[in-house]
Amino acid sequence: MINIKENEQLNVLNHSCAHLMAQAVKRLYPQAMFWVGPVITEGFYYDIDLGDAVLSEDDLPKIEAEMKKISKDGKRISREELSKEEALEMFKDDPYKIELISHMEGVIISAYRQGEFVDLCRGPHVATVKELKFYKLLKVSGAYWKGDSDNKMLQRIYGICFATQEELDNHLNMLEEAKKRDHKKLGRELDLFMMSEFGPGFPFWLPKGMILRHILENFWYDEHTREGYQFIQTPIMLSQQLWEVSGHWFNYRENMYTSEIDDKSYAIKPMNCPGGMLVYKNSLHSYKDLPLRVGELGLVHRHEASGALNGLFRVRNFTQDDAHIFMTEDQIESEVVRLIAFIDRIYSVFNLTYTIELSTRPLEKYIGEIAVWDRSEAILEKACHAAGKACKINPGDGAFYGPKLDFHIQDSLGRVWQCGTIQLDMNLPERFDLTYVDSDGSKKRPVMLHRVIFGSVERFIGILIEHFGGAFPLWLAPVQVEIIPVHPVLHLEYCNQLKERLLDLNIRVEIDDRNEKLGYRIREAQVKKIPVQIVIGDGEVAANQVNVRRYNKTENIVESVDSWIAALLSEIKEKKI
RNA sequence: GCCGGCUUAGCUCAACUGGCAGAGCAACUGAUUUGUAAUCAGUAGGUUGUAGGUUCGAGUCCUAUAGCCGGCACCA
């Protein structure tokens, strides 16, 4: 992906292009008034008030055509510097500009003019509109004025501009490729999961998707066992009282599903923590047992806004690969270092790279002492560096109960997803009065970490589907081996024997003995993205061999059954990508 | 929740300004018995998301509603 923000030249191009678009829009819709048109990670947008006019995607070509016309005219772009009074006078008919200008103090106010069009702008811009050649308007949408849902909705047009046709084409190709990899599409084609209008946001897992889930979950349990985690499962539904104690009722009541049991109010858990707190309190804990690592693949439900739902990426029930770690304050750093290394190991198995961000104390909504926050933030940052990782600060973006490290993974198309997070919690140990017995026999308050690595198992699977384009590595593939007899009857016996042998080794295998041509069945296996296809004919039966073809490859290799199985097993064991 | 768009067979899509709902793939049946990306023929498949309305006549126009998609807002 091209990160436009990091490239000054592209930045200027895109911002200038936003003005060009605005000029075109103004010509086509003279009543248009403009709010802001910033450069974003990929391209630019402009927020526009069009009065009663409504834009749809169909209008974009028309606007683009007008843009081409303007850029061909090749007007120079000139900068004008204005006093606040001059600026207010110049834009006196535009309430949006007046709003912007009235908040400007002690800065040089500048406007950029190209032909008949002038817009307030800090700049810089390209010298003439002629330089803008390789751009594309991508989508339209609504956007709240000033990003506040209480405000009126403006119309937003997104676009992107490059210095060369090639870069533009590459970008558009990437968008095409992303469309092909859409997990909703692949989920249907590969029979992984389904959605129903009877349960918006509640995914159904199909047999092949279940296999994927199980493998991922087993992988998760195995790795966490090695890391010294214990596992629990807490109830889906617990009394409202508990959520009042935890504070969730106060903060998230609107997004919780509730029900009555014997005249008492219950809520379906939107988080696993309170249940975990009860488990912790179920027994006495010694300082010798810390850090205590307790994991739970916990199914949580949250009432997400209908417009937020999006395939597996945003759902109303999902499984957090949650864990709570209880420890003493001086164990935090080493535990976090260890955790970062752990997360690194997990992501690398999927060939996912990542960056870490430290989110610090929110300006207003936070609990606890500032000194404790500062200390905690320092510990997290230090741990990050101790783990040899860069750490970008995200000021004010922490949870109200503590600072956190967020892991942003990058998939094979360069798209970024926030998955893992390590959060310090200064709230729950207090609210639930958690204690451990220290070496001197006194009761002390433990420090607590929440952490997830996948984030949500459902969403992580969605990301993996798109990351791999549905062609999962062998160890993850729902069907690993497709056995195809050349002759659907004559070679079937041998195929069945081979299948039994593979099943004994826990290899997921199917035989395609349908009455179809070999080419047809090879094609089917390729389309279903099955990693290994085995063709069995007279030669293979006679010599106790297999003829192996891999997904997306055209060559086929004949080898002995034993050596092939050995290689297959080792590839699975290594979780080779 | 908000703005815009979409919804026709299991899937992908067609049906001019309102005038007989159609194709490919998949499924099923039969023939074929197959050597590395689609063998041939036939059969079946629909209250055009749902509920109203306009009209002689609605997949097509209008209203409402649900779901989905692209964003916005939200995301413990």
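Keep in mind the model is a prediction, meaning the values are calculated, not measured. Just so we're on the same page: letters track the sequence lines, and every chain starts at 1. Just the heavy atoms: all of them, side chains too, but no hydrogens, waters or symmetry mates, feed the values below.
Under a 3.5 Å cut-off, the side chain of Asn317(A) and the backbone N or O of His301(A) do not form any donor-acceptor pair.
For Asn547(A), whose side chain is taken as the heavy atoms from C-beta onward, the closest listed nucleotide among U33(B), C74(B), U36(B) is U36(B). Here G70(B) is the nucleotide among G70(B), G35(B), A37(B) with the atom lying nearest to any side-chain atom of Asn310(A). The side chain of Arg523(A) lies closest to A38(B), out of U33(B), A38(B), C3(B). Distance from the side chain of Ser56(A) is smallest for G5(B) among the nucleotides C68(B), G5(B), G1(B). For Ala308(A), counting side-chain heavy atoms from C-beta on, the closest listed nucleotide (U36(B), G71(B), A73(B)) is A73(B).
Among residues at least two apart or in separate chains, salt bridge (Lys or Arg N to Asp or Glu O under 4.0 Å) pairs with a member in residues 530-559 of chain A are Arg550(A)-Glu571(A).
Taking atom C1' on both nucleotides, A26(B) is separated from U63(B) by 38 Å, rounded to a whole Å. Here the separation of G5(B) from A9(B), taken at their P atoms, is 22 Å to the nearest Å.
Side-chain polar atoms of Gln320(A) and Asn272(A) form a donor-acceptor pair below 3.5 angstrom.
Taking 4.0 angstrom as the limit, Lys139(A) places a side-chain polar atom (N or O) nearer than this to OP1 or OP2 of G71(B).
Lys404(A) and Asp397(A) are not joined by a salt bridge, as no carboxylate oxygen comes within less than 4.0 angstrom of a charged side-chain nitrogen.
Pairing for U8(B) is absent, judged as Watson-Crick or G-U wobble with the two contacts each under 3.5 Å.
Within the 4.0 angstrom heavy-atom criterion, base atoms lie near Pro488(A).
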